[in-house]
Amino acid sequence: MAVSLDTNDQMKVRLDKIPALREAGENPYTDRFERTHTPGEARELADGVENVRCCGRLVSFRSFGKLAFGHIFDMYGKVQFALQKDVLGDRFKTFEKLVDIGDFVGVEGSMISTKTGEKTISVTSWTFLSKSLRALPEKFHGLTDPELRLRRRYLDLISDSDVMTRFKLRTKIIKTVRDFLDGNGFTEVDTPVLTNKASGALARPFTTHNNALDIDVFLRIAPETYLKRCIAGGMDRVYEFARSFRNEGVDASHLPDFTLLEYYASYWNYVDNMNFIERLLKHLISETTGSLELSYQGQKINFAGDWLRITFRDLIFRDCGIDIDTLDTKEALQNAINSNGIVFDTDVNVAKAGRGTLIDFLYKKVSRPALIDPIFVTGHPLDLSPLARSNDENPKVVDRFQLVVNGWEVVNAYSELVDPMDQAGRFAQQAEARAQGDTETMDVDNDFLLCMEYGMPPISGLGLGVDRFIALLTDAPTLRDVVLFPLLRPEKE
RNA sequence: GGGCCAGUAACUCAAUGGUAGAGUAGCGCUCUUUUAAGGCGUUAGUUGCAGGUUCGAGUCCCGCCUGGCUCACCA
């Protein structure tokens, strides 16, 4: 591919400044700069502090002939500097002529406050650090084209401080969760991304090929079965921030690769788990937002108080009067749905769906959209949960909960199935459903079954859609706003 | 995949079918307290791509590309 630099006249002007910088004794691409303060730190200093050395990207510059002001920027903030011809002599003109907005510079000087009260580095000397060949986005509006903001996220980070703030908050959220888990006896592990079976969830995987072994492999859709292997191996409590991949729709709440936090704790059941995650998330929310009440896209969400817990059956019964416990077959359920005048938008998939999937459709239609404040939905139908432990009193449901916030399932958790005979039966059931055309099924995973045959302790595990939760906490309208570089079609050459 | 909308200078945006413009950025001059600095002057375009209608297309029609919103499927 040809490398081409001369696309517009503004670039030519900047390119021409490179030899001019060399002539003026500056290296257009300097190797280092000894910094005493970041811009954010510098503006906290008292007036009169000397020998402040600060560097960053030049983001604004205003010259008055013999006096000039500019700002240098990094992720921690901006600081103003002032250049004076009386102080710098010829070097004043050199800066004015050869430094462009977007270039990296280092300045040295003492702290002053200007007439308007802004902390400013009164520059005694400056060093050119690195040349920018392209003009940054317009200073007032920044980038508004949503496509360009994603493709050139680095520009978005520079020109929109909310974007930088959001990604810094993302890092803090993940760190806060990690610290909390570490402080509660959990061990962080890494499990494979390339796998032989796409198991642990119901989703279409990406497929690729390993040449050395000459086998097709799948990108993981969830780390679940590997984390359970860790538990079988004696690791008491484990977790992973697992980048996972699903070859499905891409939209505001779905990305092809996304971050799934999963953890598993030996000797817990799903109630222990519910209690724990409520503590963890309340800690996380107040730690990162300073409150337990937040506003998402204008919608108030209240995380304070004990979160409601309701069974799947009670919830659906409450919202449409259908009692799924009394309807054992797909046909009976379908009749009840029809006689209640409930219509799904696509009949194609309904035709192929088993009873479990049909219940899921019903729940998503009549109940889920109205669940705004955090609520634990428990006791899902067995046919929807091939990896969850069935309930001791009611074998038609499983010991499972989902945490729903703003209509989003942000958390999914079970008392895990550890009975290998039961698991073998569930796999068989899934295989049968698949044979009948239900695409929402799970692969039979005999290697995982083998592990279970060796024995597992009681376990409760949990999965949390990290990107979605971050979107909630940072009031981001889409998941793409909380992922630095979401997948896009390549730009045409 | 379906429906709706958008793509004009490096960036932000204009232009009843009739000479493609402005602001920012850039370049030149001016200016010692600005912070969207000011003043005077000035450069900058294959109007996403490719066809068609027309004396004439940024504008109308057809196809394609890219993106956004939305519906369906999915966390």
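First the proteins, then the strands, lettered A, B, ... as listed; each starts at 1.
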Show the distances under 3.5 angstrom between N or O atoms of the protein and N or O atoms of nucleotides 43-47 of chain B.
none

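When distances are taken from the side chain of A:Lys97 to each of B:A25, B:C29, B:C31, the shortest belongs to B:C29.
Residue A:Ser159 is classed as having no contact, given no heavy-atom separation below 4.0 Å to the nucleic acid. If you check every strand for non-hydrogen atoms under 4.0 Å, A:Glu409 touches sugar and phosphate atoms only.
Donor-acceptor pairing under 3.5 Å, judged by distance alone, is absent between the side chain of A:Glu118 and the base of B:U33. Side-chain to base pairing of A:Thr114 with B:U34: one donor and one acceptor N or O lie within less than 3.5 Å of each other. Taking only distance into account, the side chain of A:Asp145 never meets the base of B:C13 through a donor-acceptor pair shorter than 3.5 Å. Remark: the A:Glu138 side chain and the B:A25 base include no donor-acceptor N/O pair separated by less than 3.5 Å.
Centre separation under 5.5 Å together with a plane angle under 30° does not hold for the ring of A:Phe64 and the six-membered base ring of B:C31, so they are not marked as stacked.
Look at CD1 on A:Ile72: it is 17 Å from C1' on B:U34, rounded to the nearest Å. At whole-Å resolution of the value, CG in A:Asp251 and P in B:C71 are 9 Å apart.
With the nearest nucleotide of RNA chain B identified for both A:Gly142 and A:Phe61, A:Gly142 has the one nearer the 5' end.
Counting only Watson-Crick or G-U wobble pairs whose defining distances are both under 3.5 Å, the stems of 3 or more consecutive pairs in RNA chain B are B:1-7 with B:65-71, B:10-13 with B:21-24, B:26-30 with B:38-42.
Comparing B:A15 with B:U8, their P atoms sit 14 Å apart, to the nearest whole Å.
Between the side chains of A:Asp216 and A:Thr207, no donor-acceptor pair of N or O atoms lies under 3.5 Å.
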